[in-house]
Amino acid sequence: MNAVVIIPTYNERDNISPLVEALLRHDGVRVLVVDDQSPDGTGEVADEVARRCAGRVEVLHRTSTRGFGRSYVDGIRHAIASGAELICQMDADFSHDPARLPALLAAADRADLVIGSRYVPGGAVVNWPRRRLLLSRFANMYVRAVTHVKARDCTSGFRCWRRDALASLPLDQFVSDGYSFLVEVPITYVERREGQSKMSRGVILESAITPWRLIASRKTARPTAR
Ligand SMILES: Nc1nc2c(ncn2[C@@H]2O[C@H](COP(=O)(O)OP(=O)(O)OP(=O)(O)O)[C@@H](O)[C@H]2O)c(=O)[nH]1
Ligand SMILES: [Mg+2]
């Protein structure tokens with residue numbers, strides 16, 4: 001197996017090293033940290049981990065405009081160029097359990113996209129305040145209603161794509177026309193244990209507008225045929 005896990009980081013100094021160590025326990029897994037010049041020195045800690053685990057850990061230091069989505073686009077491009085067959089994403093803050101990674105990788109045998117899902121039977125959310133859970137449930141209902149995507153957990157940040165599925169998307173335009181096959185694997189999402197959340201009103205507003213932008217841009221931009 002040849003899998004890369006992309007981890008975007010912004011101020012995750014205390015999390016990044018134990019998380020990477022936990023991920024590297026799985027055979028055939030490499031890690032790509034995409035850091036946005038974190039003021040707390042996460043990038044330097046990640047460099048140190050990469051030196052210790054040469055060949056299995058890489059760090060991308062972004063210098064252009066900071067952003068979670070932009071970091072993923074850069075990370076995905078890098079992972080595709082590195083020849084990975086499976087490309088995963090997860091948060092740095094242990095909300096996504098590294099022990100569930102093999103379940104996602106295994107399910108990619110039968111799907112283009114696997115979502116680590118909180119909202120299928122067996123999935124769960126732990127330690128979230130009620131208001132945060134309601135926001136997440138509402139966000140999913142909203143995305144499903146606007147885009148007609150059938151997944152129960154469209155907003156999960158724990159996913160695995162087959163390389164071909166991602167390589168067929170025009171990342172420059174950041175528009176997706178859906179996936180041929182999508183499965184959801186139950187996960188337990190746990191509130192971050194170290195560091196600060198980057199969730200803000202701006203992030204929520206952008207998330208509310210994005211599904212409409214995607215629909216509007218479909219008329220002008222189509223992914224290459226598969
Ligand atoms: N490179 C990069 N990573 C980011 C940025 N903002 C957030 N991240 C990372 O993206 C992941 C998710 O961010 P969180 O702050 O945990 O957001 P969240 O999970 O929606 O919010 P919480 O549930 O409160 O933790 C974490 O690994 C962050 O370090 C950014 O601007 N650039
Ligand atoms: Mg988080």
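In listed order, ligands and their atoms are each counted from 1. Residues: numbered from 1 along the sequence shown. In what follows, every heavy atom counts, from backbone to side chain, and hydrogens, waters and symmetry copies are set aside.
Nearest protein neighbour of atom 31 (O) of ligand 1, counting heavy atoms only, is Arg66 NH1, 2.8 Å.
Under a 4.0 Å criterion applied to the non-hydrogen atoms of Thr9, ligand 1 contributes the atoms 1 (N), 2 (C), 3 (N), 29 (O). Close approach of ligand 1 to Asp93 (heavy-atom distance below 4.0 Å) involves ligand atoms 16 (O), 25 (O).
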*Run the side chain to side chain contact (heavy atoms under 4.5 Å, CB included) check on Ile7 and Leu23 step by step: do they pass?*
CA-CA 11 Å; Ile7 308 174; Leu23 287 169; 3.7 Å; yes

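For a distance threshold of 2.8 Å, the protein N, O or S atoms nearer than that to the Mg ion (ligand 2), listed by chain and number, are Asp93 OD2.
Considering both main-chain and side-chain atoms, Ala92 comes within under 3.5 Å of ligand 1 through a nitrogen or oxygen pair. The N/O atoms of Ser95, backbone and side chain alike, include none that comes under 3.5 Å of an N/O atom in ligand 1. Checked against a 3.5 angstrom limit, the closest N/O atoms of Arg132 and ligand 1 fall inside it.
Of the possible polar contacts, none joining the Ser117 side chain to the Pro186 backbone as a donor-acceptor pair under 3.5 Å is found.
Ring orientation note: the planes of His96 and Phe158 are close to parallel, at an angle under 30° on the 30°/60° scale.
A continuous path of Ile, Leu, Val, Met, Phe, Trp and Tyr side chains, each step under 4.5 Å between heavy atoms, connects Val29 with Ile187, placing both in one hydrophobic cluster.
Thr188 and Asp97 are not linked by any side-chain donor-acceptor pair at a separation below 3.5 angstrom, with hydrogens and angles left out of the test. If you check the side chains of Tyr119 and Ser136, you find a donor sitting under 3.5 Å from an acceptor.
Under 4.0 Å from ligand 1, the heavy atoms of Ser71 that appear belong solely to its side chain. Residue Val34 touches ligand 1 through its backbone alone, judged by heavy-atom distances below 4.0 Å. If you look at Tyr189 next to ligand 1, the close heavy atoms, those under 4.0 Å, all belong to the side chain.
Applying the salt bridge (Lys or Arg N to Asp or Glu O under 4.0 Å) rule to pairs touching residues 118-127 yields Arg118-Asp153, sequence neighbours excluded.
Look at Glu191 and you'll find a heavy atom under 4.0 Å from some atom of ligand 1. For the ligand labelled ligand 1, residue Tyr72 lies outside the 4.0 Å heavy-atom shell.
How far CG of Asn11 is from CG of Asp35: 8.5 Å, rounded to the nearest 0.5 Å.
When the heavy-atom distances from atom 9 (C) of ligand 1 to Gly43, Gly67, Pro8 are ranked, the shortest goes to Pro8.
The number of heavy-atom neighbours closer than 6.0 Å to CZ of Arg152, taken from other residues, nucleotides and ligands shown, is 12 or below.
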